[in-house]
Amino acid sequence: MSFNTLDFMLLLAGTLILYFLLPQKLRNPLLLVASYVFYAAYSLGLTLFLVIMTLITYVLALEIDRCREVKGGKVSKAWMIVGVVISLGTLAFYKYFNFLSDALAGLSGAKKATHLSLLVPLGISFVVFTLVSYLVDVYRGKIPAERNILKYALFVSFFPKVVQGPIEKAGDILPQFDEKHSFDILRFRRGMLMVLYGLFMKMVVADTASVAVDTVYNSLATYGMGSSYHGAATLAATLLFTFQIYCDFAGYSLVAIGSAYVMGFNFKQNFRQPYLSLSVAEFWRRWHISLNRWLIDYLYIPLGGSRCKKSRKYYNTMVTFGLSGLWHGADWGYIVWGLLNGLYIVIESELKLLKEKIRSLGKKEEAHHDDPRWTVAEPTPSVIGPAISSFFHRAITFILIMFSWIFFRAQKLSVAMVALRKIFTDLQLKGFITWAGSKLAGGVGSTLLGLDVVYRLPILLAGILVIVIVDRLAEKRDLAGSLAEGSRVLRWIIAYALIFAIMIFGVYGYGYSAGAFIYAGF
Amino acid sequence: MKTNVFKLIIRSIAFLLIFCLLLTLATLVFLPKRNCEDSESAQVAGFYKEPDNTLDVLFLGSCNMYSSVSPVLIYEQYGITGYAMCCPDEEMSTSYYYLREALKHQDLKMVVVESLFLTETNTSRREHFNRYALDYIPLSLNKIALAWNISVRESAFMKKYDATAPDQLLTFAGYLFPLLRFHSRNDLSTEDLTDLFISGQYNFYKGGFPQYNYTSNDGLFWDKIFNGSRINDMAAQYVPMIKELCDEKGIPMIIIKSPNYSRWGYDDKQTKIVRDFAESLGVPFVDFHLPENNNFREWDYGYQTGRLNVFGVKKFSETLGRILSEDYGLQPTALSEKDKAAWDACVEKYYQVAEEKGCSITDGRIAQICNRDGAIRVRWNACDDCSTYSIYRCKGKDGTYKKLTDKAEGDYYLDEDVVNGQGYSYYVVPNEGALAGQKSQTAYYVYVDMPKDFQVENRNGKMRLSWEKVEGVKYYRIQRRRPNDFNFDTYTNKATGSYYVNDSNIKQGTVYYYRIAAKYEEDGVTYYSMTSVVRGMPQKTPVISSVSSSDSKAVINWTALENQDEIQIFRRSENEDSFKLIATVKGDKTRYTDKKVEVGVQYFYKIVSLRSAYGYDGVSDESNTVGVKVVK
């Protein structure tokens with residue numbers, strides 16, 4: 001079941017009520033049952049996958065722990081490698097078999113590649129990364145192997161995070177399952193506000209934007225350069241996708257974090273107003289934070305991180321981003337997207353002096369000991385000069401990121417190339433403006449990029465405006481927390497506004513399947 | 001933060017109450033507005049406006065009930081109050097839960113269940129019918145149970161055809177909270193804001209929905225198709241539950257078959273099945289189907305889909321009221337002055353609306369005027385205390401009226417002194433009784449001759465319609481229907497001349513009914529002649545494609561034929577004068593081997609195809625004739 005379905009809302013409501021009614025010793029079993037119900041609603045058969053992977057990694061972790069003192073830790077390391085290979089191998093098989101088969105066929109000149117028709121386990125990428133993170137942390141001695149099988153199974157399958165993260169470390173989550181959580185009204189308010197806002201982002205903004213995005217990109221995929229949509233329309237669709245993917249993924253994260261928060265669990269923030277970033281490097285410190293932390297800890301640093309000569313550092317960066325792209329999808333478009341972002345980072349590093357000069361306008365920098373990207377930015381002082389500079393850098397960053405989303409959304413390299421050619425050789429901006437104007441003036445029944453101009457389009461634009469305003473406000477304060485503790489009248493108004501915005505403007509019901517979360521396919 | 005449980009509960013309740021209020025307001029805005037006076041979809045909502053314990057009878061059933069019965073007219077005649085708690089295609093499960101709802105508010109004395117949906121297959125899979133059933137009753141345990149019942153079947157059905165159809169839970173939630181269904185409406189108008197409560201308004205029809213148009217006597221309208229069908233599973237489960245509920249409350253229940261001019265109405269097997277079912281439950285069954293049990297005159301009270309028109313409703317309601325009052329001893333509840341005044345106002349409004357729609361049902365008023373064959377027929381609402389009427393006429397719309405007769409009896413007069421293309425105005429005056437001497441309203445009509453000799457002929461699979469031209473008529477309307485269609489569809493409004501070849505969307509071997517009316521237009525109004533109906537069957541002429549001989553046999557092959565029952569093979573030898581039938585094979589065959597032949601003799605063959613459907617025996621034209629000499 002998806003977060004934006006009635007089934008999930010009933011599951012969440014029922015779980016919350018029972019969680020606080022049941023005695024402590026029954027709460028984890030309750031959560032485990034709820035988590036498996038959640039997963040089994042997708043596929044009962046693939047729930048077996050979850051069970052098997054849980055058991056394998058549970059046993060391996062215990063062995064890793066047990067063998068730590070044996071033969072200088074080599075046996076322990078071997079078990080860790082076995083576990084990592086099994087986990088990643090499962091991911092590779094389910095998610096990348098057909099892609100690798102196509103690539104091999106292409107290289108060997110074979111006419112046809114072998115394809116398997118596989119039902120991919122839901123959230124496999126997230127589950128596998130969670131398992132790998134656990135095994136490596138146990139091997140590194142950061143955490144002991146969990147002996148309680150039920151608690152471990154719950155950690156792996158915990159329903160708020162199992163499908164799309166956040167990818168939480170075992171050391172952060174497992175101890176929380178031992179804590180006694182009492183119902184706290186502030187946590188309830190804050191958590192529910194996060195859930196509501198997350199659903200708003202997903203169901204109102206992301207799913208509405210997807211109509212326009214799909215209209216254009218499906219046309220590009222089907223008709224190539226023969227598509228009736230020119231460069232300006234492609235740019236408009238890409239701009240909308242920029243918000244779609246943000247609202248889709250960040251919305252999901254908020255629902256996950258908020259749901260867990262109500263029950264007393266603390267997940268780390270996964271998105272931190274990424275489109276307000278001043279640089280691509282900063283963007284990657286604000287976007288999908290849990291994944292990037294994972295990549296740094298388990299890929300970038302083991303490769304050598306930045307503690308090496310510059311060429312090696314850049315190599316590590318490119319590999320990390322390339323694999324990040326591959327993690328997102330089994331197609332060249334994703335890989336190019338990842339590599340492009342890596343390239344952005346490399347270029348920015350080379351322009352570091354210039355960036356430091358910009359940052360010296362009021363920001364302090366604390367360098368992470370291993371990662372030059374992991375810096376903490378403090379708010380820019382409010383003066384005209386820095387404000388214009390900030391705007392300029394934000395705009396450039398936004399454009400660069402938006403440009404890279406072309407490859408992500410296109411998925412296939414060929415479609416991305418069509419989109420790029422359209423934008424750079426067939427923009428037709430004036431024609432698009434005229435055409436759009438006529439559509440906007442068309443009244444009831446008229447549509448623009450698949451969105452009716454009287455209803456859906458204004459909703460989308462209003463929704464994007466809300467997102468931008470909220471992000472701006474949230475950059476400086478914990479909005480949900482402020483509302484939870486502040487005026488009841490304001491809190492209720494916002495809660496009602498969100499609830500009814502979702503109910504009235506949300507994309508669900510007849511004609512829509514529960515708009516699948518983009519990352520649920522990963 | 002330590003939680004004060006009491007305050008938390010109070011605030012939660014307050015939050016939920018405000019939420020419910022906002023949800024109700026939003027629902028009222030987004031819910032499609034249905035005016036029960038204009039559309040047959042929200043009749044049940046008005047039930048909740050009836051004061052408690054003022055209704056004697058509850059009528060349950062589908063369109064056949066609410067378009068046949070008028071609780072208002074029953075009240076007028078017998079003082080018995082009632083409400084038709086009906087919706088289009090109302091199934092027995094819906095009827096059951098409606099009864100439960102009704103019993104919360106009314107101390108009923110009789111329940112009348114219409115029998116159409118005891119045997120009709122359930123249509124709850126279609127959302128719009130389910131919406132009619134559910135959207136306009138308030139949230140209650142009964143609504144929840146009915147919504148669950150419906151949503152299970154609807155979502156299972158819809159998922160087969162539409163992958164994006166919502167799942168059962170969302171479907172169910174959409175019936176309890178219509179905002180979830182209608183939230184995506186992009187056709188909101190100012191009326192959605194100004195007419196928030198129109199769907200739930202007081203229903204002066206008391207749930208009925210009379211049809212104000214009417215058909216004239218156009219001849220054969222329906223085939224008498226005897227399908228019979230069976231008591232459907234829904235009825236088998238819920239009618240006994242309705243009976244049980246009635247027994248529990250001590251309320252008599254009857255099942256009726258109301259008049260209907262469609263195939264269902266003529267289905268005597270269906271009548272028998274329902275009668276047997278009613279008997280098995282110990283429930284009286286009253287069959288109103290014309291013409292045996294009542295005074296309905298064939299076709300005069302018909303409307304599209306075979307239901308009664310407003311005149312038929314009056315007659316049927318009077319008959320039903322009499323049965324309830326006399327045969328079942330139903331005594332009306334004594335109403336308060338206020339309730340009585342409200343019902344009287346409904347009666348007055350009922351007559352007034354009929355008058356406004358040109359279908360007066362007031363005694364002594366002209367009810368209907370139309371063309372017959374060679375005459376204009378003027379029909380009026382007969383007065384109980386009058387046996388003869390005077391009919392007055394003038395030519396055109398203005399002129400001097402002359403008395404045509406003062407001895408007109410019954411409720412109609414045929415004016416045969418008419419000229420094709422001439423308009424006439426009439427009024428009627430009762431000669432006796434309370435309305436003696438009172439002129440009715442005037443009614444105008446233009447006489448148009450009926451096209452004579454209307455025929456249909458099969459011409460190699462095409463239907464050729466022909467008729468005698470009518471003087472002064474430029475256009476003819478041709479309508480067509482198949483046996484199981486409810487209505488005649490207009491095929492063309494502009495046929496000219498004296499023939500028409502109809503060859504589109506025709507299926508070979510199917511019976512088609514055609515009717516033709518001459519059209520005459522005057523001052524923007526179209527007047528139609530009486531129509532005549534013919535039927536025919538398109539059958540392509542068979543074509544023998546080859547004939548050959550070997551092994552002392554002759555083999556003939558022909559092109560495959562569509563939708564034929566049998567093929568007859570005729571043969572003549574060179575020594576014979578006439579063809580004889582030698583074999584009959586199934587209609588899907590394309591070959592015949594004639595073994596009963598003599599070597600050296602020349603034989604000639606031809607074939608015809610046969611098809612029987614809906615009581616029509618179609619025979620195609622003869623095929624081409626082929627010859628072959630039989631060889632060893």
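To find a chain, count down the sequence lines: A is the first, B the second, and so on, and within it residues start at 1.
- Qualifying side chain to side chain contact (heavy atoms under 4.5 Å, CB included) partners for A/Glu179, counting only residues two or more places apart in sequence or in other chains: A/Gln176, A/His181.
- With a 4.5 Å cut-off on non-hydrogen atoms, A/Ile459 does not touch chain B at all.
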May I have the list of side-chain donor-acceptor pairs in residues 486-499 of chain A shorter than 3.5 Å, sequence neighbours left out?
| from | atom 1 | to | atom 2 | distance (Å) |
| --- | --- | --- | --- | --- |
| A/Ser487 | OG | A/Val489 | N | 3.3 |
| A/Ser487 | OG | A/Leu490 | N | 3.1 |
| A/Arg491 | NH1 | A/Leu483 | O | 2.9 |
| A/Arg491 | NH1 | A/Ala484 | O | 3.2 |
| A/Arg491 | NH1 | A/Gly486 | O | 3.1 |
| A/Tyr496 | OH | B/Phe15 | O | 2.6 |

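- Taking a 6.0 Å sphere around CG of B/Leu141, one finds it holds 12 or fewer heavy atoms contributed by other residues, nucleotides or ligands.
- For A/Phe500, the part sitting under 4.5 Å from any heavy atom of chain B is the side chain, from C-beta outward, and nothing else.
- Heavy atoms closer than 4.5 Å to chain B are found in both the backbone and the side chain of A/Asp7.
- Taking each heavy atom of A/Leu6 and B/Leu169 in turn, the nearest pair found is CD2-O, 3.8 Å.
- Atom-to-atom distance recorded for A/Ile185:CD1 and B/Leu8:CG is 4.5 Å, nearest 0.5 angstrom.
- Using a 4.5 Å heavy-atom cutoff, the side chains of B/His183 and A/Tyr508 are in contact.
- Proximity of A/Thr5 to B/Leu170: side-chain heavy atoms (C-beta onward) are nowhere separated by under 4.5 Å.
- To the nearest 0.5 angstrom, A/Phe505 atom CZ is 12.0 Å from B/Ser184 atom OG.
- Heavy-atom proximity under 4.5 angstrom to chain B picks out nothing from residues 12-24 of chain A.
- Annotation: B/Lys104, atom NZ; neighbour count of heavy atoms from other residues, nucleotides and ligands within 6.0 Å is above 12.
- Taking a 6.0 Å sphere around OH of B/Tyr238, one finds it holds more than 12 heavy atoms contributed by other residues, nucleotides or ligands.
- With a threshold of 4.5 angstrom between heavy atoms, B/Phe177 does not approach chain A through any atom at all.
- By the side chain to side chain contact (heavy atoms under 4.5 Å, CB included) test, B/Leu116 is found to be paired with B/Ser62, B/Asn64, B/Glu114, B/Glu120, B/Trp264, residues two or more places apart in sequence or in another chain being considered.
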